[in-house]
Amino acid sequence: MSEKETLLTQEVQRVVNNFKNKVMQDPYRLKFHLMPPVGLMNDPNGLIQYEGVYHVFYQWNPFDTTHGSKFWGHYTSTDMVTWREEPVALLPSESYEKNGCYSGSAIEVEGKLYLFYTGNVKLEDDSRETYQCLAVSSDGIHFEKKGPILTLPKGYTPHFRDPKVWKKEDRWYMVLGAQTYEEKGTVVLFTSDNLYDWQEVGQIAGSGMHGLKEFGYMWECPDLINLNGTDVLLVSPQGVKSCGHLYQNVFQSGYFVGKLDYEKGNFSHGPFTELDRGFDFYAPQTFETSSGRTILFAWMGITDEMEEHQPTISNHWVHALTIPRNLSLREGKIYQNPVEELKKLRKNQVVITNEEKALLNGLEISTSELLLELQNENSYFNISFRNEASLCFDPSKQEISLQRRNIKTNAIESRTCKIKSVRELQILLDHSSIEIFINNGEEVFTARYFPELRDKTLTIQCDTDYRLHYWDLE
Ligand code: FRU
């Protein structure tokens with residue numbers, strides 16, 4: 001470890017020790033979601049199952065609850081349920097990353113764990129430089145920096161980052177999020193046969209390309225995956241104008257289904273579909289497990305003007321990751337489901353059917369899972385969670401909406417999406433988060449919410465018979 005790294009590590013330890021208890025005592029801390037030990041967490045990074053262990057790295061500012069110079073925090077798990085905090089994996093100690101070790105990905109090569117990430121450098125005149133960097137580990141915990149392996153190519157501004165690397169046949173590929181000189185968001189494909197020398201193949205998607213109209217000034221965090229033999233590009237575009245119920249958050253996260261021609265770098269694809277319909281979801285990343293599942297984590301937050309009003313800030317932490325979700329592609333659409341492993345958290349099952357609705361009054365929801373099966377899938381319902389958020393389906397409009405109270409203005413705000421019918425809801429509630437999976441993952445709403453601590457009421461108004469399974473999540 002260099003002297004700078006030793007110093008930074010000590011500073012991180014000091015701030016974690018100072019505020020750890022305060023964070024632990026926060027009633028809004030999360031029970032089954034990954035959150036920072038202290039400070040600010042954003043994107044999930046470097047997701048991988050390496051030697052049987054799941055690794056989740058994440059963008060971390062340990063020193064403050066604002067977006068500063070980022071570190072890579074690190075958690076490991078053998079079951080995606082119980083997580084262990086590992087030593088900080090990457091610290092911004094070198095000149096080529098002095099303002100942050102930004103987002104990136106992990107691969108395994110000959111038994112070693114390789115991390116690709118963006119070295120972010122801010123200059124005095126407020127301009128920036130970007131370097132795509134590599135760090136290698138033999139134990140998955142301690143990393144040796146190899147420095148930059150790719151500098152900024154012609155045609156792009158320094159908003160060029162977030163390398164996601166994978167192998168196809170005997171070559172390596174990397175996608176990067178970028179902004180062209182014309183200030184259009186795009187995804188650029190690179191290839192390499194040795195992981196150190198990278199050649200540009202070309203832009204595979206972007207604003208104004210392949211029939212897409214004006215679609216943002218910068219695309220972040222691309223991820224090219226293959227689901228049941230079909231290529232899917234996940235990406236987080238910035239600067240997309242809202243359009244009816246679509247693109248209501250300040251930045252978007254979604255995907256294009258298509259076919260990538262690896263030689264020509266041509267990705268023919270269909271339209272952009274949002275991955276999540278809620279308020280707090282950004283920068284998703286996936287990895288493939290040894291059994292072939294594709295698992296997604298996302299940042300359960302977003303950089304908007306509300307961030308600084310989150311009530312957890314007074315306790316020295318902010319933001320979290322979503323639960324891990326299993327992805328599948330059905331008829332060109334991504335379905336997301338909580339990973340099976342999370343069923344381990346279920347305790348104290350209660351089943352309530354129509355005749356026993358009075359039992360609802362006895363339920364106290366806080367860290368809970370609800371599974372609601374509706375007999376008629378075209379019926380109105382309105383479910384209220386702790387009088388702080390509610391979910392409403394209007395079959396006459398074929399629209400489902402999530403409402404919550406805005407933490408800055410106190411006004412009710414909502415997000416809506418079109419859906420033909422609703423037959424099943426799976427809802428995971430943590431102390432300050434809600435994730436709603438509709439019709440087995442056809443649509444998902446993710447949001448943070450900050451209910452009155454004493455209010456644990458669940459109310460269900462529903463025009464059809466239903467069966468509710470309830471569990472405490474412990
Ligand atoms: C997305 C993002 C990435 C960047 C990182 C910095 O939230 O802006 O593009 O690498 O966060 O923390």
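Counting starts at 1 for both ligands and their atoms, in listed order. All values below come from the heavy atoms of this structure, side chains included, with hydrogens, waters and symmetry mates left out. Model, not experiment: these values are computed from the prediction.
The aromatic ring centroids of Phe143 and Tyr117 lie 6.0 Å or more from each other.
With 3.5 Å as the limit, one finds a donor-acceptor pair spanning the side chains of Asp125 and Ser127.
Note on ring orientation: taking the six-membered ring where Trp is involved, the planes of Tyr75 and Tyr58 are parallel (angle under 30°, cut-offs 30° and 60°).
Note: no N/O pair closer than 3.5 Å links Tyr282 and ligand 1 by distance alone. Backbone and side-chain nitrogen or oxygen atoms of Trp299 are examined, and none is located within less than 3.5 angstrom of a nitrogen or oxygen of ligand 1. For ligand 1, the polar-atom distance check against Lys70 finds a nitrogen or oxygen pair separated by under 3.5 Å.
Between the choices Ile302, Thr303, Asn61, Asp162, the shortest heavy-atom distance to atom 10 (O) of ligand 1 belongs to Asp162.
In terms of protein heavy atoms, atom 8 (O) of ligand 1 is closest to Glu220 OE2, 2.8 Å. Of all protein heavy atoms, the one closest to atom 7 (O) of ligand 1 is Asp43 OD1, 2.8 Å.
Under a 4.0 Å N-O distance rule, the pair Lys168/Asp231 does not qualify as a salt bridge. Taking the charged nitrogens against the carboxylate oxygens, Arg404 and Glu413 do have a contact shorter than 4.0 Å, which makes a salt bridge.
Contacts classified as ring pair (Phe, Tyr, Trp, His ring centres under 6.0 Å) and involving residues 223-261 (residues at least two apart or in different chains) are given here: Phe215-Tyr247, Trp219-Phe256, Phe251-Tyr282, Phe256-His269, Phe256-Phe272. Sorted by first and then second residue, the side chain to side chain donor-acceptor pair (under 3.5 Å) pairs with a member in residues 146-155 read Glu144-Lys146; sequence neighbours excluded.
Those atoms of ligand 1 that come under 4.0 Å of a heavy atom in Gln59, given as number and element, are 5 (C), 6 (C), 12 (O). Counting the atoms of ligand 1 from 1 in the order shown, those under 4.0 Å from a heavy atom of Ser103 are 5 (C), 10 (O).
Judged by the shortest distance from any of its heavy atoms, Asn42 lies inside the 4.0 Å radius around the atoms of ligand 1.
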